[in-house]
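A short worksheet on the structure shown next.
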Amino acid sequence: MRRRPIALLLGCLAGLPAQAHGTRAGDLLIEHPYALPSAAGQDQGQVQLRRLHNRGAQADRLLGARTPVAASVLLQRRGQTIQALDLPAGADLSLKHDGEWRLLLQGLKAPLVNGQRFALVLRFERAGEQEVMVWVQIPRAAASSHH
């Protein structure tokens, strides 16, 4: 009898790290928001999402974002500013640092430092506003090439 509550607790705790860096907003799954460290004096940064998945039967759109660490956030595709990012039903997009989509932070108020975390509010057409925690980190591939 005593094992059941402990097993239940361990099961809940096992799920914490995944939930801590992944968020659901309605039918959307937002996985691993991260930013690259920026150099001192640099006024721009980038936020990436390892995965943005629309699990629903209806399309949605990412309309914009905001964060207290920058004056503004622009949606970009291949370096060009866009008004919205379409998320068709079943879409599975990656907004990685080496991909075609990104969120450009303009007017950084301070450099983005490896290990730092900050809030970012994503605004979706259907799912509404969703706050995520962005982790500033050096991507694994870049970190391993420095060794």
Would you give me the side-chain donor-acceptor pairs under 3.5 Å for residues 79-89, sequence neighbours excluded?
| residue | atom | partner | partner atom | Å |
| --- | --- | --- | --- | --- |
| Thr81 | OG1 | Gln76 | NE2 | 3.4 |
| Asp86 | OD1 | Arg61 | NE | 3.4 |

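Using a 4.5 Å cut-off on side-chain heavy atoms (C-beta onward), Tyr34 and His32 make contact. Within the 4.5 Å cutoff, the side chain of Asn114 has heavy atoms near those of the Gln137 side chain. Within the 4.5 Å cutoff, no side-chain heavy atoms of Ser94 are placed close to those of Arg51. In this structure the side chain of Leu29 never reaches within 4.5 angstrom of the side chain of Thr23, judged on heavy atoms. Under the 4.5 Å side-chain criterion, counting only non-hydrogen atoms from C-beta, Leu28 is in contact with Phe124. Looking at Val121 and Thr67, their side chains never come closer than 4.5 Å, going by heavy atoms from C-beta outward. The shortest distance between side-chain heavy atoms of Leu112 and Leu36 does not fall below 4.5 Å.
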- Task: Would you please test Glu31 and Arg50 for salt bridge (Lys or Arg N to Asp or Glu O under 4.0 Å) and show each step?
- Result: CA-CA 6 Å; Glu31 287 185 1; Arg50 183 173 292 157; over 6 Å; no
- Decide yes or no on side chain to side chain contact (heavy atoms under 4.5 Å, CB included) for Gln130 and Ile30, but give the supporting numbers first. CA-CA 9 Å; Gln130 181 63 49; Ile30 306 161; 3.9 Å; yes
- Message: What verdict does the side chain to side chain contact (heavy atoms under 4.5 Å, CB included) test give for Gln44 and Leu105, after you've listed the backbone C-alpha separation in whole Å, the side-chain angles of each residue and the deciding distance to 0.1 Å?
- Response: CA-CA 5 Å; Gln44 291 185 341; Leu105 305 177; over 6 Å; no
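A donor-acceptor distance shorter than 3.5 angstrom exists from the side chain of His53 to the backbone of Ala91, with no hydrogens or angles considered. With hydrogens and angles disregarded, a donor-acceptor distance shorter than 3.5 Å links the side chain of Asp60 to the backbone of Arg126. Between the side chain of Lys109 and the backbone N or O of Pro68 there is at least one donor-acceptor pair closer than 3.5 Å.
Evaluation of the salt bridge (charged side-chain N to carboxylate O under 4.0 Å, His left out) test over residues 64-75, restricted to residues two or more places apart or in two chains, returns Arg66-Glu129.
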